[in-house]
2 protein chains.
Amino acid sequence: MTPEPFQREAVRRPASIKDVAAAAGVSATTVSHVLSGNRPVNEHTAARVRSVVNRLGYVPASLARSLQAGSTSVIGLLIPDISNTFFAELAKGAEDAAHDLGYGLILCNTEFDADREDRYLGMIRSRFIDGMVYASGSPPSRRRLEALMGKFPIALADEEVEGLEGALIATADHEAGGRLVGEHLRTLGHRRALMLTGPRALRSSNARANGFVRAFRGEVVELVGDFKESSGYGLVAKLLQEGGLPEDCTAVFAANDLMAFGALLALREAGLSVPEDVSVVGFDDIRAASLAHPPLTTVHQPAYDVGRTATAQLLQYVTRGEVPPASRHTLPVELKVRGSTAPAAR
Amino acid sequence: MTPEPFQREAVRRPASIKDVAAAAGVSATTVSHVLSGNRPVNEHTAARVRSVVNRLGYVPASLARSLQAGSTSVIGLLIPDISNTFFAELAKGAEDAAHDLGYGLILCNTEFDADREDRYLGMIRSRFIDGMVYASGSPPSRRRLEALMGKFPIALADEEVEGLEGALIATADHEAGGRLVGEHLRTLGHRRALMLTGPRALRSSNARANGFVRAFRGEVVELVGDFKESSGYGLVAKLLQEGGLPEDCTAVFAANDLMAFGALLALREAGLSVPEDVSVVGFDDIRAASLAHPPLTTVHQPAYDVGRTATAQLLQYVTRGEVPPASRHTLPVELKVRGSTAPAAR
DNA sequence: CTAGGTATCCAAAACGTTTTGCACAACCCT
DNA sequence: AGGGTTGTGCAAAACGTTTTGGATACCTAG
């Protein structure tokens with residue numbers, strides 16, 4: 001018995017509140033009141049209305065409702081790349097927070113593309129969304145954002161923006177993360193390290209580097225990367241070709257896990273073994289970090305919490321019209337010591 | 001020089017088309033025409049209007065526009081878990097396809113929660129979104145979906161639904177994937193295998209198993225899991241405790257990578273080495289698969305394409321009102337042979 | 001000088017709700 | 001009997017657009 005093929009109904013105008021009103025012999029006002037409970041309605045009339053609603057399959061048009069209410073109960077989440085597990089986790093946190101308050105979440109995936117970002121920011125200017133959680137992942141243009149933040153509810157996630165100190169912000173404690181790595185490597189006896197940073201324009205990247213340098217108190221060679229696996233590979237491979245790591249350099253700290261993987265690959269190709277010859281540390285603790293070989297020592301970022309907190313802050317502002325008491329949340333990070341670090345080779 | 005702290009402007013009603021009209025000394029109609037170019041307007045007047053638009057920072061309210069137009073240019077993407085890389089990739093494809101046609105994408109993350117799914121489906125019933133890409137990941141309730149698909153544009157991604165043959169569908173060729181694995185293992189000399197399936201109610205899961213069994217032509221012991229790492233671990237660990245793998249069983253095929261990882265862990269804990277003692281194969285090719293130790297042999301699913309194709313189909317239907325010629329797309333999969341499979345031990 | 005264009009703009013309707021002020025009846029209390 | 005309350009429901013305004021049928025003035029050709 002094969003089920004009969006599915007049939008698409010002919011399109012027809014969906015029932016409106018007026019249709020319901022007419023069919024039930026009441027005014028649209030009364031239907032509205034029955035459905036919203038905003039004012040009392042005679043139980044007998046209400047029952048009749050409800051029955052008509054069911055029969056006609058009436059569902060209020062949320063557009064009209066939003067237009068009247070002046071808000072849509074939808075916010076946006078702007079991120080560069082949803083297929084990056086960090087942002088996926090962040091998105092999950094944001095979606096949870098939004099859902100808790102009955103809000104929808106529009107995914108604004110920019111691919112680091114400015115045009116795309118602009119188009120999405122247009123959604124807030126045209127008031128299609130009530131607010132935006134902004135986690136651009138690239139150095140945001142301050143001017144553009146500032147103009148927007150003055151007029152519309154925007155919360156920053158993961159990345160702060162120079163000069164927007166009064167804004168709503170949730171971010172991981174990047175500096176502390178860097179410090180933890182510095183202490184860890186120092187304790188293991190390392191005295192010279194190679195640091196692969198992210199783009200200079202990113203505060204988070206700088207904070208990681210600063211924290212590291214301060215706590216490590218050894219000699220650090222900094223190379224600027226772009227957070228991609230290829231850059232981690234390229235920088236290290238090039239260095240190795242040009243005569244190897246700096247003398248006595250026994251550790252590599254990459255500002256994110258992807259670059260660490262790249263570094264890992266380059267080291268392995270050069271015949272160096274991790275962690276025996278060189279220790280490697282990443283940042284982010286993406287899922288692959290624990291599965292890699294060797295498992296990567298890294299700093300766990302609370303991506304989910306960052307997304308959730310930023311969104312909760314935004315919604316508190318949006319729904320209650322008040323800026324939350326703590327308008328800046330710095331969330332704790334955690335060092336995950338795994339197999340890619342070991343005491344410095346003598 | 002610290003930048004001065006950011007100031008939030010006092011909230012005031014945003015300028016409407018009437019404000020612009022008044023300030024420019026024309027009617028709202030004219031403003032609308034200037035902006036849309038729908039009808040010609042005297043260039044002198046138009047210039048004046050445009051200048052006022054800029055001065056007032058007027059942006060048309062998309063809600064009102066949508067209400068009038070009868071559509072919102074936003075569609076939904078319903079998935080169970082955005083932090084799963086498979087769905088993240090799928091989401092990326094969907095977002096790309098939507099963006100290409102000027103559509104926004106609302107992320108509907110259900111966490112396998114029926115209430116949550118219902119709430120999101122409400123968005124389409126209330127016409128807040130023009131359509132929905134449905135990739136529930138769990139056996140969808142046919143009745144609920146059928147009623148909805150008759151009335152609203154819905155495309156199925158990744159998972160088909162029994163009896164909805166006429167619907168828009170994009171899915172990977174699960175059966176072929178299973179076959180590829182079967183042939184691979186058979187060629188390597190394996191004759192007995194353990195298969196960890198997904199939930200029985202999922203078509204995709206069954207298709208993988210069927211394809212495998214057919215092509216392997218050896219003896220297959222099937223154990224039903226739930227696509228989670230824990231279930232892969234649990235099933236295999238239990239088996240090993242109760243007397244080990246079936247005699248001469250030299251291969252394990254898990255219906256997805258996560259379960260394969262679980263199996264890998266259980267085998268390792270029992271002192272069995274992969275692939276020397278047992279070969280292990282997964283399905284999905286999530287990022288961690290290639291980074292695991294040993295790198296996992298698995299079937300690559302075109303998650304991005306599935307999302308993109310399903311969305312493109314949906315939008316073709318939504319924008320042009322016509323069902324696309326090929327309303328069912330089966331996308332090719334690819335076997336990635338890595339380190340977790342080897343010739344059967346004698 | 002008039003009939004038919006053309007260029008330019010506007011008023012009003014429509015989209016589908018919610019909200020608010022009011023009307024009408026029925027009831028209660030003194 | 002009259003004033004106040006309560007219960008019930010409606011009409012109209014408002015939200016901010018786009019669309020459509022005219023209206024007005026000017027111009028051109030006959």
Side-chain angles (χ1 to χ4, degrees), chain A residues 11-50 52-53 56-74 122-130, chain B residues 11-50 52-53 56-74 122-130:
Chain A
V11 282
R12 57 165 174 270
R13 189 176 61 76
S16 83
I17 198 171
K18 286 181 191 166
D19 301 327
V20 175
V26 297
S27 75
T29 307
T30 302
V31 177
S32 175
H33 288 330
V34 168
L35 262 33
S36 71
N38 249 347
R39 275 199 193 175
V41 173
N42 180 285
E43 185 44 47
H44 187 254
T45 329
R48 188 155 34 97
V49 167
R50 272 190 282 266
V52 172
V53 164
L56 266 49
Y58 167 68
V59 179
S62 46
L63 276 183
R65 203 200 288 257
S66 295
L67 179 60
Q68 149 76 25
S71 69
T72 61
S73 289
V74 174
M123 298 188 93
I124 199 173
R125 265 183 267 143
S126 69
R127 283 146 285 154
F128 190 81
I129 55 180
D130 293 347
Chain B
V11 283
R12 57 165 174 272
R13 189 176 61 77
S16 83
I17 197 171
K18 286 181 192 167
D19 300 327
V20 175
V26 297
S27 77
T29 307
T30 302
V31 177
S32 175
H33 286 147
V34 168
L35 262 33
S36 70
N38 250 348
R39 277 199 192 173
V41 173
N42 180 284
E43 185 45 47
H44 186 254
T45 331
R48 189 155 34 97
V49 168
R50 272 188 282 265
V52 172
V53 164
L56 266 48
Y58 167 69
V59 179
S62 46
L63 274 183
R65 204 199 287 257
S66 295
L67 178 60
Q68 149 74 27
S71 70
T72 61
S73 288
V74 173
M123 298 188 94
I124 199 173
R125 265 182 265 145
S126 70
R127 283 145 285 153
F128 189 82
I129 55 180
D130 293 347

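Residue numbers begin at 1 in each chain, while the letters A, B, ... track the order of the sequences.
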Open item on the list: Need to verify one output field. Residue with the more 5' nearest nucleotide on DNA chain C, B/Val41 or A/Ala64?
Closed with: B/Val41

TODO: For B/Tyr58, enumerate each residue passing the ring-ring contact (aromatic ring centres under 6.0 Å, His included) test, keeping only those at least two apart in sequence or located in another chain.
DONE: none

Between [X] and [N], does any side-chain N or O lie under 4.0 Å from OP1 or OP2?
X: B/Thr30; N: C/dC9; value: no
X: A/Thr45; N: D/dT8; value: no
X: A/Ser27; N: D/dC10; value: yes

Open item on the list: Test of understanding: with side-chain contact (heavy atoms from CB on, under 4.5 Å), list the residues that count as partners of A/Arg48, not counting sequence neighbours.
Closed with: A/Val26, A/Thr45

Task: Pairs touching residues 22-33 of chain A that satisfy side chain to side chain donor-acceptor pair (under 3.5 Å), sequence neighbours left out - done: A/Ser27-A/Thr30

TODO: Kindly point out which of C/dC9, C/dG16, D/dG9 is positioned nearest to the side chain of A/Asn42?
DONE: D/dG9

Where do N or O atoms of nucleotides 25-27 of chain D meet protein N or O atoms at under 3.5 Å, pair by pair?
none

Task: Divergence of helical axes at both termini of the helix from C/dC1-D/dG30 to C/dT30-D/dA1 - five pairs an end, 10° steps - done: 50°

- [ ] Mind checking B/Ser66 for me? I need base, sugar-phosphate or nothing, with any heavy atom below 4.0 Å counting as a touch.
- [x] nothing

Open item on the list: Tell me if a side-chain donor or acceptor on B/Ser71 pairs with a main-chain N or O of B/Asp130 at a distance below 3.5 Å.
Closed with: no

Task: A/Arg127 side-chain N/O to A/Thr72 backbone N/O, donor-acceptor pair under 3.5 Å - done: no

Please write out the pairs of protein N or O atoms and N or O atoms of nucleotides 19-23 of chain D separated by less than 3.5 Å, giving the distance to one decimal.
{"residue": "D/dT19", "atom": "OP2", "partner": "B/Asn38", "partner atom": "ND2", "Å": "2.4"}
{"residue": "D/dT19", "atom": "O4", "partner": "B/Thr29", "partner atom": "OG1", "Å": "3.4"}
{"residue": "D/dG21", "atom": "N7", "partner": "B/Arg39", "partner atom": "NH2", "Å": "3.4"}
{"residue": "D/dG21", "atom": "O6", "partner": "B/Arg39", "partner atom": "NH1", "Å": "2.6"}

